[in-house]
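Here is the naming used below: chain letters follow the sequence lines, and residue numbers restart at 1 for every chain. These numbers come from a predicted model, not from an experiment.
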2 protein chains.
Amino acid sequence: MKWDDIDQQVCSVARALSIVGERWTLLIIRDAFKGTRRFDDFQRTLGVTRHRLAERLQKLTHEGVLTRIPYQDRPTRYEYRLTRKGLALYPVLVTLSVWADEWMDDGTGPPLTLWHSRCGKETTPVLTCSECDDPLRPEEVSARLGTALQSFVTSCRERGDAIPDDARLPSAAMDFHQQQLDTLSLHSKKVNHD
Amino acid sequence: MKWDDIDQQVCSVARALSIVGERWTLLIIRDAFKGTRRFDDFQRTLGVTRHRLAERLQKLTHEGVLTRIPYQDRPTRYEYRLTRKGLALYPVLVTLSVWADEWMDDGTGPPLTLWHSRCGKETTPVLTCSECDDPLRPEEVSARLGTALQSFVTSCRERGDAIPDDARLPSAAMDFHQQQLDTLSLHSKKVNHD
């Protein structure tokens, strides 16, 4: 499988990465959250080549993550703004950020802290369950076949096709395996120092 | 700035992406969560080239996201397991997945649903505030200078250096701008159809 085909996997992580999994793309989106809108501003703050930036912005616009709005006539120039689909990527940026703050701290602490205006406190975002509000721990979450994968598997069977590895994969993706816990008890000292 | 230098940005999103922002890397981690451990199994299910896969696994091991454990002597062969640092990437995979389920549904529904064993219900993970437990909405969260960025800025000033664009950037990264709301009211119909 080529990278360009990963959106063909019946897997939500792969689908998401087919849009935001390229170098620079999530940094462009980070900057858009900060308020950056214009090509030259993205280019200056990211330092990416103009060609690469144009390609990324075009894809994000095509996919409806950004929308182009004219801000000048003769010649018409456009700026880029996050759509609702783009704004919905906020939790992805935040979870990446929380992870780096916890695991990549070089001893100087976090670059930023987050402030929640609703409660007026410094916040550490937590991924929780929509039903019981408890924090979601990977060992307490299991994946079940959803409708998309069910119909894919059914149609493979009806055609007499083997179910390909890369489609079968997500049927158990993000299930937490007991072996992982074994790893931890064996190697927790080591990995804590990494 | 070259991509290989993005870990130099005093920004947690950039730092995280310097490890997990390459093509394939988050899919390797997804598979590791599923229980894949061995080189040939990663290679078969991902379809990535062996050279690329080796490079990615080496980086993830070097960065302490995966750990190599020998499973065979003569010749010694290793398998790869998630460390605590790797397991802590779970919220990143989940938020990507939730985003794709909401915004990339082709009409067939989600590939997978998630089940929370603690409460016994199908769950939709939500990013919430550690202090008040409310869902975090980007317009209610603002970023403030953390210690790492503060000391970086101070040392720039002490040396008489200009504060570079790519370091100043994160000082407001992920602040939510009122303009974004303007975009939404203007373009919400359009983006809903994307």
Side-chain angles (χ1 to χ4, degrees), chain A residues 1 3 10 12-13 15-16 23 30 33-35 45 47 64 81 83-85 90-92 95-97 100-101 103-104 108-113 115-119 121 123-132 138 140 142-144 146-149 165 169-170 172-174 177 183 191 194, chain B residues 1 3 10 12-13 15-16 23 30 33-35 45 47 64 81 83-85 90-92 95-97 100-101 103-104 108-113 115-119 121 123-132 138 140 142-144 146-149 165 169-170 172-174 177 183 191 194:
Chain A
M1 168 167 289
W3 176 262
V10 191
S12 304
V13 176
R15 285 176 177 175
R23 287 178 172 189
R30 173 199 68 179
F33 268 99
K34 177 203 159 255
T45 55
R81 301 191 197 176
T83 61
R84 283 185 193 279
K85 184 174 178 178
Y90 184 72
V92 174
T95 51
L96 281 167
S97 189
D101 286 345
W103 293 98
M104 299 179 74
T108 57
L112 298 176
T113 59
W115 192 264
H116 190 208
S117 68
R118 177 179 282 267
C119 70
K121 290 186 182 151
T123 183
T124 306
V126 187
L127 195 70
T128 58
C129 171
S130 56
E131 306 308 307
C132 70
E140 294 174 348
S142 58
R144 301 190 174 186
T147 49
L149 203 58
D165 263 354
L169 244 189
M174 295 192 296
H177 286 243
T183 312
V191 302
D194 278 329
Chain B
M1 168 166 290
W3 176 263
V10 191
S12 305
V13 176
R15 285 175 177 176
R23 288 178 171 187
R30 173 199 67 180
F33 268 98
K34 178 203 158 255
T45 55
R81 301 191 197 175
T83 61
R84 284 185 193 278
K85 184 174 178 178
Y90 184 72
V92 174
T95 51
L96 281 166
S97 189
D101 286 346
W103 292 97
M104 299 179 73
T108 57
L112 298 176
T113 58
W115 192 264
H116 190 208
S117 67
R118 177 180 281 267
C119 70
K121 290 186 181 151
T123 183
T124 306
V126 188
L127 196 70
T128 57
C129 171
S130 56
E131 306 308 307
C132 70
E140 294 172 349
S142 57
R144 302 190 173 186
T147 50
L149 204 58
D165 264 353
L169 244 188
M174 295 192 295
H177 286 244
T183 312
V191 302
D194 280 328

**Prompt:** When you check the side-chain N and O atoms of A/T95 and B/T95, is any donor under 3.5 Å from an acceptor?
**Reply:** yes
**Prompt:** Hey, what do you get for CG (A/L127) to OG1 (B/T128), rounding to the nearest 0.5 Å?
**Reply:** 7.5 Å
**Asked** For the atom pair CH2 (B/W115) and SG (A/C129), what is the distance rounded to the nearest 0.5 Å?
**Response** 10.5 Å
**Request:** State, with a plain yes or no, whether a side-chain heavy atom of B/R15 is found less than 4.5 Å away from one of A/P111.
**Result:** yes
**Item:** Gap between atom NZ of B/K121 and atom SG of A/C132 - 0.5 Å precision
**Value:** 8.0 Å
**Prompt:** Relative to chain A, which of B/A16, B/A100, B/G47 shows the most heavy atom pairs under 4.5 Å?
**Reply:** B/A16
**Prompt:** CE of B/M104 to NZ of A/K85: how many Å apart, nearest 0.5 Å?
**Reply:** 5.5 Å
**Prompt:** Any sub-3.5 Å donor-acceptor pair from A/T147's side-chain atoms to B/T108's backbone N or O?
**Reply:** yes
**Close side-chain approach of B/L96 and A/V92, heavy atoms under 4.5 Å** = yes
**Main-chain N/O of A/E140 paired with B/S117 side-chain donor or acceptor, under 3.5 Å** = yes
**Item:** Among the listed options A/D101, A/V126, A/T123, A/T124, the residue most often paired with chain B at heavy-atom distances under 4.5 Å
**Value:** A/V126
